[in-house]
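Heavy-atom basis, side chains included; hydrogens, waters and symmetry copies ignored.
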Amino acid sequence: MSYTLGVDIGTFETKGVLVDAAGAIVATATRAHKMLVPRPGWAEHRAEEDWWGDFVFVTKALLAQSGVDPKAIAAVAASAIGPCMLPVDAGGAPLMNGVLYGVDTRAAAEIEELTARIGEDRIMRLCGNALTSQSVGPKILWLRRTHPDLFERTAKILTSTSYVTWKLTGEYVIDHYTAANFSPLYDVNALAWTDALAGDIVELGRLPRLAWSTDIAGSVTAAAAAETGLAAGTPVTVGTIDAAAEAVSVGVQSPGEMMMMYGSTIFIIQVTSDPVRDARLWYAPWLFPGMHASMAGLATSGTLTHWFRDQLARDADFAALAAEAEASPKGAKGLICLPYFSGERTPIHDPLAKGAFFGLNLTHTRGDMFRAAIEGVAAGTAHVLETYAELGASPARVLAVGGGVKNAVWMQATSDISGTGQIVCEKTVGASYGDAFLAAVAVGHAMAEEITEWNPVARVVTPEQVPAYARQYPLFKRLYAQTRDIAHELGAG
């Protein structure tokens, strides 16, 4: 019997699975870590401790739990949060904490300057994306300007997955899907790095080699084998961002199919036959040549529920809070929450947006507020789906995945407000399961379309007509528009 191993490094937790040739999970392991917020608008991880340390811990746990001979593992694949920005020295050692994806807004000034200097139209034509907090290029420019000493010592700029892959194989490599987030340094038409728009950000030789997600990056080195317990020589795939692996895990593979990931943030991927390029969304080549992906994401989702529990409900766990929210009527008795507690990504791309609870009165309970927070995230998701509809790209099927699918209030509110049904598959392990499948594809043990056999449909969430949502959703959008200037003034202070 042969096996594949998948490990995914998320915002707050790393998960790993060991899967047999039929897709059955034979072992699982997890390890928690924290997102560091050293100042407002910043979000970081420790690359060595959180990314590589978690990979080592989880892999050892999988091997110990399963008793599987490491030599029976046909391939290993990793995914991680992204896109991130990590400078490393000539020996591959991190020079600072990893700067996280779009929730980190430190490069707002560089985004504004590059956009003005290059021009929005030129950026869209070459990169397929507007410059936003999700873009890595402005963050590299921020590093060059604010830490010239570190930049001088930087041999490579990596992301989270490419760092783990380097630790395993000694190869600096990145997949095209992730690289498309390095705007304005990636040409989506040529599928290549480019300095045509901004030659002053970084020399292209400091970026990793480009490849496809299921290409083999290299094999486990003797040093990595000693740390992880894996067998030296085991093939390692190039890997990808966690959301892409999560989409694979639930069978998103054909044009029109959309993955909705309920995690620390909501992240959406729709596979398309042709590029969908709009400044409100993100674009990237998909994991396989000739296919495309249109993406969207909120800045705070599960993170907002964590904040609520930690600050306003320390005496309760999530199960208790969910029960309180379920007891609150739909619409939370007229309470509206703007979920922009870390600014917002798609479709408004406003790093200075602020969170708010609007409509509070003395009859509202903690359960009402928690429901309003969940419904605020659901309304933000509906705003994204509305954007897809405006572009003529409404999904044919929505497959939901992630820890949030266990929250019935959140799932139903999302379907009700957006008017969109959602499919939940049998296995909701997430990105690590997708990684294990991609590893099997990489070494010829599975075909890309076989994922539906690995992970069949379990249930469907059907939208309901809710008068409270029909009234409040337009108010949700108006509330942001009418308080935007105030939020920006508060941010400037």
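Within the structure, every pair that satisfies the side chain to side chain donor-acceptor pair (under 3.5 Å) test and touches residues 9-18, not counting sequence neighbours, is listed here: T11-Y101, T11-S264, T14-D54.
Nearest approach of A439 to A77, heavy atoms of both residues: CB-CB, 3.8 Å. Closest non-hydrogen pair, C337 versus A372, comes out as CB-O, 3.3 Å. Minimum interatomic distance between I417 and E375 (heavy atoms only, all atoms of both residues): CD1-O, 3.8 Å. The two atoms that bring T4 and A436 nearest to each other are OG1-O, 2.9 Å, heavy atoms only. Considering every non-hydrogen atom in both G10 and I81, the closest pair reads C-CG2, 3.4 Å. Shortest non-hydrogen contact noted between P138 and P184 is CD-CD, 4.4 Å.
Within 6.0 Å of CD on E120 lie no more than 12 heavy atoms contributed by other residues, nucleotides or ligands. In the displayed structure, F318 atom CZ is contacted under 6.0 Å by more than 12 heavy atoms of other residues, nucleotides or ligands. Shown here is E112, whose CD atom has no more than 12 heavy atoms of other residues, nucleotides or ligands within 6.0 Å. The environment of CD in Q465 is sparse: at most 12 heavy-atom neighbours from other residues, nucleotides or ligands sit within 6.0 Å.
With Y262 as the partner, the side-chain hydrogen bond (donor to acceptor under 3.5 Å, both in side chains) test is satisfied by one option alone out of K406, E246, Q422: Q422. The residue from H306, H45, H33 that alone fulfils the ring pair (Phe, Tyr, Trp, His ring centres under 6.0 Å) condition with F12 is H306.
Side chain of K354 to backbone of I486: no donor-acceptor contact under 3.5 angstrom is found. The backbone N or O of G404 lies less than 3.5 Å from no partner atom in the side chain of N407, so there is not a single donor-acceptor pair. Counting only distance, with no hydrogens or angles, the side chain of T132 and the backbone of Q134 share a donor-acceptor pair below 3.5 Å. With hydrogens and angles disregarded, a donor-acceptor distance shorter than 3.5 Å links the side chain of E257 to the backbone of Q253. A donor-acceptor pair is defined here as one N or O able to donate and one able to accept, closer than 3.5 Å; no such pair exists between the side chain of Q270 and the backbone of M258. Side-chain N or O atoms of S432 include none that pairs as donor or acceptor with a backbone N or O of D8 at under 3.5 Å. Remark: the backbone N or O of G421 is not paired with any side-chain donor or acceptor of S415 at under 3.5 angstrom. Within the 3.5 Å criterion, the main-chain N or O of S249 finds a donor-acceptor partner in the side chain of N455. A donor-acceptor pair is defined here as one N or O able to donate and one able to accept, closer than 3.5 Å; such a pair exists between the side chain of S133 and the backbone of G102. Counting only distance, with no hydrogens or angles, the side chain of Y433 and the backbone of G23 share a donor-acceptor pair below 3.5 Å.
Side-chain contact between T414 and I266 is absent, with no heavy-atom pair separated by less than 4.5 Å. A 4.5 Å side-chain heavy-atom check between F55 and Y163 finds every atom pair outside the cut-off. Side-chain contact between P339 and F476: present, with at least one pair of heavy atoms (C-beta onward) separated by less than 4.5 Å. Proximity of L281 to L391: side-chain heavy atoms (C-beta onward) are separated by under 4.5 Å at one or more points. For the pair L185 and I140, the minimum side-chain heavy-atom distance is below 4.5 Å. In this structure the side chain of I241 reaches within 4.5 angstrom of the side chain of P83, judged on heavy atoms. Side chains of C425 and W454 form no contact here, defined as non-hydrogen atoms less than 4.5 Å apart. Side-chain atoms of M411 and V424, non-hydrogen and from C-beta on, do get closer than 4.5 Å to each other.
Between the CD1 atom of I174 and the OG atom of S213 there is a distance of 10.0 Å, given to the nearest 0.5 Å. We find the CZ-CG distance between R125 and N189 to be 10.5 Å, quoted to the nearest 0.5 Å. Rounding to the nearest 0.5 angstrom, the gap separating the CG atom in L352 from the CD atom in E344 is 13.0 Å. Taken from CZ in F267 to CE in M259, the straight-line distance is 7.0 Å, to the nearest 0.5 Å. Atom CH2 of W212 is separated from atom OG1 of T240 by 10.5 Å, given to the nearest 0.5 angstrom. Going from atom CG of L479 over to atom CD1 of I336 covers 6.0 Å, rounded to the nearest 0.5 Å.
When the ring-ring contact (aromatic ring centres under 6.0 Å, His included) test is applied to Y283, the partners found at least two apart in sequence or on another chain are H292. Residues passing the side-chain contact (heavy atoms from CB on, under 4.5 Å) test with D104, sequence neighbours excluded: W42, A43, V99, R106, K139. Take A108 and apply the side-chain contact (heavy atoms from CB on, under 4.5 Å) test, not counting sequence neighbours, and it matches no residue. Under the ring-ring contact (aromatic ring centres under 6.0 Å, His included) criterion, Y340 pairs with Y480, not counting sequence neighbours. Remark: E450 engages F437, A446, M447 in a side-chain contact (heavy atoms from CB on, under 4.5 Å) (not counting sequence neighbours).
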Review point. Could you go step by step and tell me if V409 and F370 meet the side-chain contact (heavy atoms from CB on, under 4.5 Å) rule?
Key: CA-CA 10 Å; V409 172; F370 193 62; over 6 Å; no
Practice item. Go through T365 and D368 one step at a time and tell me if the side chain to side chain donor-acceptor pair (under 3.5 Å) criterion holds. Key: CA-CA 5 Å; T365 66; D368 296 328; 3.2 Å; yes
Practice item. For side-chain contact (heavy atoms from CB on, under 4.5 Å), just list the numbers for N129 and I123, CA-CA rounded to whole Å, side-chain angles, deciding distance to a tenth of an Å, and then say yes or no. Key: CA-CA 7 Å; N129 295 286; I123 294 170; 6.0 Å; no
Check your understanding: Would V441 and V248 satisfy side-chain contact (heavy atoms from CB on, under 4.5 Å), going step by step from the backbone distance to the final call?
Key -> CA-CA 11 Å; V441 171; V248 169; over 6 Å; no
Practice item. In sequence, state the C-alpha distance, the side-chain angles, and the governing distance for F341 and T303, and then conclude on side-chain contact (heavy atoms from CB on, under 4.5 Å). Key: CA-CA 9 Å; F341 282 57; T303 306; over 6 Å; no
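No side-chain donor-acceptor contact under 3.5 Å links H383 and Y473.
Between D416 and K330 there is a salt bridge, since a side-chain N of the basic residue sits under 4.0 Å from a carboxylate O of the acidic one.
Annotation: W286 is in aromatic contact with Y177 [ring centroid separation under 6.0 Å].
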